[in-house]
Amino acid sequence: MTYLSTVEAKCPECGSAEVVMDRETGETVCGACGLVVGEGMMDRGPDWRASSQEERDEKMRVGPPIDVTHYDKGLPTMIKVDEDAFGRPLSPEVRQQMWRLRRWNLRARLHTSASRNLSKAMAELELLSDKLSLPPFVRETAAVIYRRALGENLVQGRSIAAIVAASIFAACRIHRTSKTLREVAHVSTRREKEIFRSYRLILRSLGLDIPLDGPLDHVSKIAERAGVSGEVQGLAVRILQEAREKRAVGGKDPTGLAAAALYVAGLLRGEKMSQKDIARAADLTEVTIRNRKRELTQKLHLGL
DNA sequence: CATTCGTGAAGACGAAT
DNA sequence: ATTCGATTTCACGAATG
């Protein structure tokens, strides 16, 4: 018992022809990438064909064609407020009641479409949060951000998964949870580039002002993954603080700085640690470690 | 042999135009 | 929209231990 039916359309995002209509929800979704192509978007043309004018007159009827895939069968559920079904005027009390009914009717439609979207999004959020081992409060923040993004109509025409990933990334930055964009993208089905686009859109549309992350935000995570002692870690922090004061660094990838600081701190304390190890722990290349290391040791004139 | 170091080509990005 | 400059990454070879 499947409620999905293939639609004759190509996904604008991935080009796949696996675009599918959910008969229960009326949502049109790309089966390959999850992009929400549209809600209640369907062929509004005539649902019949006529070969002659007589036939045309025969089949012609008033109103939009019926599409059974829509939950309300495509019929407009307009509630009249001025007159009853026979065109007679209504009493003021009943009129007011009709206004209320109509408001509720419109509101209910919005509500159901929003909750359908949310249930999908929250499932995705939980999945990604688990993969990233996010603390609950970060996840909460991400959920709030997503809800606001949904309220601002940022999801229409974009992939739910991408907006969810972007919300998670934003929440991580807000709480200074040192998750890189790459890490988020790694557990998501969406591309890093797309997630970043969504992230920027969210920041602007919601007026979020998130401070940039510095090298210090990444030290503990990298150190832990590389198995660096707390002592060396502390030295790395001091190196970074001094580098900041001397304006020795700028415009560089913060993770690279943090990784290099840990590396040189390890050298100074004689703790064995290859560039390869650090590079892997920081998800960078050894080249970047080397370049940062060179700048660090020169500009802070550390003997090495 | 593993590690380290430097280099040139290529891609990505922001800023300037 | 294109161009430019800085940065990172990749692939490689050389030096070092």
Side-chain angles (χ1 to χ4, degrees), chain A residues 12-15 33 154 158-159 161-163 165-170 172-174 178-223 225-229 232-233 235-236 239-240 242-304:
Chain A
E13 179 65 24
C14 66
C33 67
L154 299 184
R158 297 181 191 23
S159 138
I163 303 293
S167 303
I168 287 178
F169 183 55
C172 287
R173 300 279 297 259
I174 287 173
S178 66
K179 290 277 183 288
T180 61
L181 179 59
R182 187 180 302 183
E183 286 174 279
V184 177
H186 188 70
V187 296
S188 170
T189 57
R190 313 303 304 169
R191 305 265 181 100
E192 186 174 328
K193 206 174 168 182
E194 183 190 358
I195 297 175
F196 187 63
R197 250 191 292 129
S198 307
Y199 170 70
R200 226 179 0 199
L201 180 73
I202 287 176
L203 290 200
R204 184 135 27 84
S205 305
L206 302 188
L208 257 41
D209 194 19
I210 299 180
L212 299 175
D213 56 341
L216 294 174
D217 294 325
H218 301 275
V219 170
S220 60
K221 176 190 61 174
I222 299 172
R225 283 208 286 220
V228 176
S229 74
V232 171
Q233 190 174 330
L235 179 56
I239 291 176
L240 287 172
E242 192 182 341
R244 163 178 299 219
E245 284 164 18
K246 294 198 175 183
R247 300 277 185 273
V249 293
K252 306 295 196 321
D253 177 12
T255 38
L257 258 330
L262 281 165
Y263 179 67
V264 300
L267 289 184
L268 290 172
R269 292 302 171 92
E271 205 168 287
K272 85 128 196 143
M273 178 172 31
S274 73
Q275 293 177 359
K276 198 175 194 169
D277 296 332
I278 282 289
R280 243 206 317 264
D283 201 11
L284 292 170
T285 58
E286 304 158 44
V287 181
T288 306
I289 307 281
R290 287 198 281 276
N291 291 335
R292 293 297 87 76
K293 176 210 165 191
R294 192 173 349 120
E295 294 165 7
L296 239 34
T297 50
Q298 278 176 2
K299 297 186 176 177
L300 297 185
H301 53 281
L302 299 169
L304 272 178

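In what follows, every chain begins at residue 1, and chains take the letters A, B, ... in the order their sequences are listed.
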**Asked** In the 5'-to-3' direction, what one-character label does each nucleotide of nucleotides 9-16 of chain C receive under the scheme B = base within less than 4.0 Å of a protein heavy atom, S = sugar-phosphate only, - = no such atom?
**Response** BBB-----
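With rounding to whole Å, Tyr263(A) atom OH is found 11 Å from dT3(B) atom P. Between the C1' atom of dT3(B) and the CE atom of Met273(A) lies a distance of 14 Å, rounded to the nearest Å. Distance, Arg292(A) CZ to dT7(C) C1': 8 Å, rounded to whole Å. In this structure, CD1 of Ile278(A) is placed 10 Å from P of dT4(B), rounded to the nearest angstrom. Between the C1' atom of dT7(C) and the CD atom of Glu295(A) lies a distance of 10 Å, rounded to the nearest Å. As a whole-Å value, the separation of Arg280(A) CZ from dT3(B) P is 9 Å. Going from atom CG of Leu267(A) over to atom P of dG17(C) covers 14 Å, rounded to whole Å. Protein atom CD1 of Ile289(A) is 11 Å distant from nucleotide atom P of dT8(C), rounded to whole Å.
Smallest separation of non-hydrogen atoms from Ala261(A) and Ile239(A): O-CD1, 4.2 Å. Nearest approach of Val228(A) to Met273(A), heavy atoms of both residues: CG2-SD, 3.8 Å.
No donor-acceptor pair under 3.5 Å is formed between the side chain of Arg190(A) and the backbone N or O of Ala162(A). Glu183(A) places a side-chain N or O within donor-acceptor distance of the main-chain N or O of Thr180(A), the cut-off being under 3.5 Å.
In this structure, Arg200(A) reaches the sugar-phosphate backbone alone: every heavy-atom distance under 4.0 Å involves primed, P, OP1 or OP2 atoms, never a base.
For Lys293(A), a side-chain nitrogen or oxygen approaches OP1 or OP2 of dC5(B) to under 4.0 Å.
Two residues, Phe196(A) and Arg294(A), neighbour DNA chain B, and the one matched to the more 5' nucleotide by heavy-atom proximity is Arg294(A).
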**Request:** Could you give me the CA-CA distance, side-chain angles and deciding distance for Glu295(A) and Arg292(A), then say whether salt bridge (Lys or Arg N to Asp or Glu O under 4.0 Å) is met?
**Result:** CA-CA 5 Å; Glu295(A) 294 165 7; Arg292(A) 293 297 87 76; 3.2 Å; yes
**Message:** Please evaluate residues Asp277(A) and Arg280(A) with respect to the criterion side-chain contact (heavy atoms from CB on, under 4.5 Å), reporting the C-alpha separation (whole Å), side-chain torsions for both, the decisive distance (0.1 Å), and the verdict.
**Reply:** CA-CA 5 Å; Asp277(A) 296 332; Arg280(A) 243 206 317 264; 3.5 Å; yes
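Taking a pair to require two hydrogen-bonding distances under 3.5 Å in either a Watson-Crick or a G-U wobble arrangement, dA11(C) pairs with dT7(B). The base-pairing partner of dT17(B), taking Watson-Crick or G-U wobble contacts with both distances under 3.5 Å, is dA1(C). Nucleotide dT16(C): paired with dA2(B) (Watson-Crick or G-U wobble, both distances less than 3.5 Å).
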Name the atoms and distances for all side-chain donor-acceptor pairs under 3.5 Å in residues 201-215 of chain A, with sequence neighbours left out.
unit_1    : atom_1 : unit_2    : atom_2 : d
Ser205(A) : OG     : Leu201(A) : O      : 2.9
Asp213(A) : OD2    : His218(A) : NE2    : 2.9

